[in-house]
Q: 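The structure follows.
All values derive from a computational prediction rather than experimental measurement.
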Amino acid sequence: MVIVKEIEMVCVEDGHNKMWICELYDNNSVITRWGKIGNELSSKMFPHKGLTFFEKKVNEKRRKGYAENFL
């Protein structure tokens with residue numbers, strides 16, 4: 001599997017220190033990883049969900065106060 005699209009987002013408002021990563025692969029699978037910054041991240045795979053699912057998840061995180069991490 002090759003990553004086609006990836007985004008890393010963080011939420012630090014209201015004392016939160018959370019990270020969320022979403023990766024879209026060439027087989028249309030999406031993998032999300034999340035957790036506190038500096039800790040081991042949890043992950044979940046969504047087989048064959050595609051770009052629409054990827055974008056939906058990113059928009060959900062934006063509504064929750066996450067912003068793209070450009071580090």
Q: Under a 4.5 Å cut-off applied to non-hydrogen side-chain atoms, are C22 and F54 in contact?
A: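 Yes, side chains in contact.
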Q: Are V30 and L51 linked, directly or through intermediate hydrophobic residues, by side-chain heavy-atom contacts shorter than 4.5 Å (ILVMFWY only)?
A: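 Yes; tracing contacts between hydrophobic side chains, which count when under 4.5 Å, links both residues.
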Q: Answer yes or no: is there a side-chain heavy-atom contact under 4.5 Å between I7 and W20?
A: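 Yes, close enough: below the 4.5 Å cut-off.
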Q: Can you tell me how far apart CE (M1) and CG (L24) are? Round to the nearest 0.5 Å.
A: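 One gets 10.5 Å once the value is rounded to the nearest 0.5 Å.
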Q: Do N27 side-chain atoms and S29 backbone N/O form a donor-acceptor pair below 3.5 Å?
A: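 Checking the backbone N and O of S29 against the side chain of N27, a donor-acceptor pair under 3.5 Å is found.
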Q: For K64 versus C11, what's the shortest heavy-atom pair and its separation?
A: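 Scanning both residues completely, I find the closest heavy atoms to be O-SG, 4.4 Å.
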Q: Would you check if E68 and R62 make a side-chain contact, meaning some heavy-atom pair closer than 4.5 Å?
A: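 In contact.
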Q: Return the CD to CD distance between E8 and E23, rounded to the nearest 0.5 Å.
A: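 CD of E23 is found 10.0 Å from CD of E8.
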Q: If hydrophobic clusters are built by linking Ile, Leu, Val, Met, Phe, Trp and Tyr wherever their side-chain heavy atoms come under 4.5 Å apart, do Y66 and F53 end up in the same one?
A: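 The answer is yes; both residues are in one hydrophobic cluster.
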Q: Can you confirm whether K44 sits close enough to W34 that some side-chain heavy atom of one is under 4.5 Å from a side-chain heavy atom of the other?
A: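 Of all side-chain heavy-atom pairs linking W34 with K44, at least one is under 4.5 Å.
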Q: Are K5 and E55 packed together at the side-chain level, in the sense that at least one heavy-atom pair is separated by less than 4.5 angstrom?
A: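 The answer is yes; the side chains approach within 4.5 Å.
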Q: Quick one: pull up CD1 in I21 and CE in M9 and give me the separation to the nearest 0.5 Å.
A: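 If I round to the nearest 0.5 Å, the distance is 11.5 Å.
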Q: I need the I31 CD1 to F46 CZ distance, nearest 0.5 Å.
A: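 It is 10.0 Å, given to the nearest 0.5 Å.
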